[in-house]
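What you see is a predicted model, and the numbers here were worked out from it, not measured in a lab.
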Amino acid sequence: MINAKDWQQEQDRLDLVTEGLRSTIAELEPEVAGLRDQVADIRKRFWEEVTVNTSTDEDFEETFYSIKQQEAVLSERERSHQLRMQRWKSMKRLLPSPYFGRIDFQEDGLSVSEQIYIGVSSFVDADGMSFLVYDWRTPIASMYYDYSPGESTYETPGGQITGTMMLKRQYQIRDGQLQNVFDTSLTIGDELLQQVLGKGADAQMKSIVATIQKEQNAIIRNDKSRMLIVQGAAGSGKTSAALQRVAYLLYKHRDRLKADQIVLFSPNPMFNSYVSTVLPELGEENMQQTTFQEYLEYWLGSTLRLEDPFEQIEYVLTSTFSQAYESRLSGIQYKASEAFLQALQSYALWLGKEGMLFRSIRFRDRELITAEQMKSQFYSYDSSIRLANRVVLLREWLLRELTSLERKEQEALWVQDELDYLDNEQYAEAYSELLKKYQREEAVFDFTKQYVEVYGEFRGKEQGEENVFDFSVQEEELLSRMIVKEHFKPLRREVKRLMFIDVIGLYDQLFSEDAAYRKMTNETELPERWPEICKQTKEKLSRIELFYEDAAPFLCLKELVEGARTNTEVRHLFVDEGQDYSPFQFAFLKQLFPRARMTVLGDFGQAIFPQATNLHEADSPLIRLYGEGETSLIRLVRSYRSTREIVEFTKSLLPSEEIVPFQRSGRKPYLSKAGSGEKRAARIKEDLAALKAEGFDSIAVITKTAAESREAYEVLTAQGCESLRLITKETLTFEKGTLVIPAYLAKGVEFDAVLIYDASSQTYHRESERKLFYTACTRAMHRLLLYTTGEWTLFIQAMDTSLYEVV
């Protein structure tokens, strides 16, 4: 703590800044309101201010420039309103807590130091000459995160500035009043973070700009790597740092980078809701947020039923005694590998020589163009032309063939039958078309007649020939064309969408017996149980369905054949819970967003899906993706989410992982064994009531599977537990309260208290479930309670008993 004199000086300065903010807000409010009214008025009266006259070329030109002038006025007012609105919002955001840090920096060569106060946005004094608050993303503010008092430097567009940091100070401010002030020479954030985390978890993840550590700052300000990998222990702040990285990038590159050029792939829709307020709180628009499953559904969901990752993990967790279980696991691991990606690329080259499959174009129960005709035409093209380009050539050929067949079809009997049943509106439409045609022909004739009078002979009306326009005959011909054209429209549409390619058949063809697969892919090593993998895949395809592990490979093959759908607008790609993506999926994302830099966040200790990617070893596929020179790896080992006692308990579950607990004490995790499910439910009810009485309002009852969640929800509700909310994969929003949730849906989310519904050896008995159990336990910030009606899981039995209490 600082002395009373310094405290008063700090409060006086805070009062000065707060008053300045209030004055600025008061000045901006009428301007914002006035400009908003002007914009609305200009929009309403836009055409009243424009004289529309197109009688002559001069009038048309005058009208054009009148519209452009009015448009420019509207655009200027909208821009002014937007800029003032953004500044007004920034000042309103600063008012309750204008800054959180300060450094005193003396630049080399100068005799005085400058006081630099740091907040979530910048604020200058009334004359616009001095910064009262610096935005945390400015270059000079980086020293707050990177250095302790002493020699320090920061980078500017003009070069490196060196000097000495004389002081580093931190603040906790609420509603314009100092709550806490202290000087520090330690790693940034420890004392303040202790207080921040000592309070309950909000429904929305709050900005923790004031608690960024040096390692997190390295994540935020990394502007060079094509691939940035962040391997962070549970609760290490990696997601917060990543979101602040987005804010920093938008601030630094604001002239050329927009929020919609950044995409976040998150673990589930509920997580999107959980982090939805972070960027607006930092003064930026939200980036695009989606899940990988939503992306797959967008491109494949109209033709195939896709299994999602939660269905896949439910199978992995609940079907261990199935005869097909080991084959499915083997298939998941192979289809997630770089080897399978290479096999698909080799398969595409093979298809360039033979083996392409097409779907015939059928019309009225007959084949117009057969699959064999397409195949013959396809392989008639020069073999040096890329596969996807030959598909384009085939599409153009098919459209020409349809045009020819359309003309022939006009003579078919069914066309005459339909002519007999046309309504008056269709006849009127045909008559109108013919009348226009007649008028055009008359105009052409009159022009030709005048031309002849000047230049010579004309054979036609002038020589006694009748210019007869037989409406009845031509009307029938036109109606026939209209009928056939309408019936051929769906065929043309399907051809343009490349529906003539049998992609399902091509993927199915891939899963053949060993020799055929090796021939098509040049693959030398096949996974164990290959025949059974082929059988499972083919059975799923026969129902027009795909396993989750097949979805990305299927889309990849589709694009190898039809042409890649790349997005060159996206500049930054963020992947949260990156350990749950496969090497195949990462390579596919690189292909989809070729101009984007990728930031991958994850914890290999929470790799609960069977296709997990190793994030932190030298041979990680992610390092190979862009190469070592283009890749940076940052490890965050300190866990801030949980108390030291909870971290020590969860750390013992993964002894090989380096995890450093933050020094915030609390109660040890406690274990409760009940004689029956009913007694367990009664105990949980009591504990829930006690936790709520302590002030915890974010509580999770975590189960292993969705089925166990439903069971727990029903049992606890029957026991009289109130205000429970069952979370499923369809849940879209995160809210406070008491949740019942499967462990795999709780990833990335934190709770004041966590109750592990069943920590028995019957529920968690496989070594492969260790990380799932670890993930569930690490969701707890302050309290962790575990229950069983039988023997404890071996993961707990192997622990040092001093790490927990038994009740």
Side-chain angles (χ1 to χ4, degrees), residues 314 317-318 320-321 642-643 645-646 649-650 652-653 666-728 737-746 751-766 769-770 772-807:
E314 281 286 335
L317 294 174
T318 61
T320 53
F321 299 108
S642 309
T643 62
E645 288 77 8
I646 292 174
F649 178 89
T650 55
S652 69
L653 294 170
R667 289 184 58 176
K668 291 180 181 180
Y670 87 66
L671 280 56
S672 175
K673 182 182 286 190
S676 66
E678 187 176 339
K679 289 181 179 179
R680 173 176 60 189
R683 183 58 190 261
I684 290 175
K685 179 186 176 183
E686 291 176 13
D687 290 337
L688 286 175
L691 290 167
K692 289 176 183 177
E694 288 183 53
F696 297 132
D697 52 10
S698 173
I699 303 171
V701 178
I702 299 184
T703 64
K704 178 181 173 183
T705 65
E708 190 184 8
S709 280
R710 286 190 295 273
E711 174 200 319
Y713 176 79
E714 291 168 2
V715 168
L716 293 174
T717 301
Q719 189 68 228
C721 295
E722 298 178 353
S723 304
L724 291 181
R725 185 175 179 224
L726 178 63
I727 302 298
T728 69
T738 304
L739 312 181
V740 182
I741 184 171
Y744 55 81
L745 287 180
F751 304 93
D752 292 332
V754 165
L755 294 77
I756 305 297
Y757 183 74
D758 186 356
S760 69
S761 58
Q762 184 177 356
T763 298
Y764 292 97
H765 58 278
R766 295 167 65 93
E769 294 164 347
R770 178 183 291 275
L772 183 70
F773 187 69
Y774 168 82
T775 299
C777 294
T778 55
R779 302 306 93 200
M781 294 173 65
H782 307 297
R783 299 292 297 280
L784 176 60
L785 302 81
L786 301 95
Y787 305 86
T788 186
T789 57
E791 293 297 318
W792 292 105
T793 173
L794 293 175
F795 309 146
I796 291 178
Q797 291 184 39
M799 275 186 190
D800 186 328
T801 56
S802 66
L803 295 175
Y804 54 81
E805 297 175 2
V806 178
V807 180

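- The two residues Leu772 and Ala743 have their closest heavy-atom pair at CD1-CB, 3.8 Å.
- Here the OG1-CG distance, from Thr705 to Asp758, works out to 10.0 Å after rounding to the nearest 0.5 Å.
- Atom OH of Tyr713 sits about 10.5 Å away from atom CZ of Arg725, to the nearest 0.5 Å.
- Ring planes of His765 and Phe321: parallel class, angle under 30° (limits at 30 and 60°).
- Checked against side chain to side chain donor-acceptor pair (under 3.5 Å), Ser709 has the following partners two or more places apart in sequence or in another chain: Thr703.
- Every pair passing side-chain hydrogen bond (donor to acceptor under 3.5 Å, both in side chains) that includes a residue from residues 785-795 is listed here, sequence neighbours excluded: Asp687-Tyr787.
- Interatomic distance, CZ of Arg680 versus OH of Tyr757, reported as 4.0 Å (0.5 Å rounding).
- Both the sub-6.0 Å distance and the 45° axial angle are not jointly satisfied by Arg783 relative to the ring of Tyr670.
- Taking all atoms of both residues into account, the shortest heavy-atom contact from Leu745 to Ile727 is CD1-O, 4.2 Å.
- Of the possible donor and acceptor atoms, none in the side chain of Gln762 sits under 3.5 Å from a partner among the backbone N and O of Gly790.
- The heavy-atom pair separating Ala780 from Ser642 by the smallest distance is O-OG, 2.5 Å.
- Closest of all the heavy-atom pairs between Thr763 and Glu769 is O-OE1, 3.5 Å.
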**Request:** Begin from the C-alpha positions of Leu688 and Cys721 and carry the test side chain to side chain contact (heavy atoms under 4.5 Å, CB included) through to its verdict.
**Result:** CA-CA 8 Å; Leu688 286 175; Cys721 295; 4.1 Å; yes
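- For the pair Glu722 and Lys692, the tightest heavy-atom approach, listed with the atom from each and the gap, is O-NZ, 3.6 Å.
- Separation of atoms CZ (Phe773) and CD1 (Ile796) is listed at 4.0 Å; rounding is to 0.5 Å.
- Residues Arg683 and Val807 form a side-chain contact, since some pair of their non-hydrogen atoms from C-beta on lies under 4.5 Å apart.
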**side chain to side chain contact (heavy atoms under 4.5 Å, CB included) between Leu691 and Leu755, worked out** = CA-CA 11 Å; Leu691 290 167; Leu755 294 77; 3.8 Å; yes
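- Applying the side chain to side chain contact (heavy atoms under 4.5 Å, CB included) rule to Ser802 yields the partners Asp800; only residues at least two apart in sequence or on another chain are considered.
- With sequence neighbours excluded, no residue forms a side chain to side chain donor-acceptor pair (under 3.5 Å) with Glu708.
- Residues Leu786 and Leu784 come closest through the heavy atom pair CD1-CG, 3.9 Å.
- Within 6.0 Å of CD in Glu678 there are 12 or fewer heavy atoms belonging to other residues, nucleotides or ligands.
- No side-chain donor-acceptor contact under 3.5 Å links Glu645 to the backbone of Arg667.
- Residue pairs meeting the salt bridge (Lys or Arg N to Asp or Glu O under 4.0 Å) criterion with at least one partner in residues 668-677, sequence neighbours excluded, are absent.
- Not counting sequence neighbours, Ser672 has no partner by the side chain to side chain donor-acceptor pair (under 3.5 Å) test.
- Remark: the backbone N or O of Glu714 is not paired with any side-chain donor or acceptor of Thr717 at under 3.5 angstrom.
- Phe751 contributes atom CZ, which lies 10.5 Å from atom OG1 of Thr738 (distance to the nearest 0.5 angstrom).
- Annotation: the span from Leu716 atom CG to Leu724 atom CG amounts to 6.0 Å, rounded to 0.5 Å.
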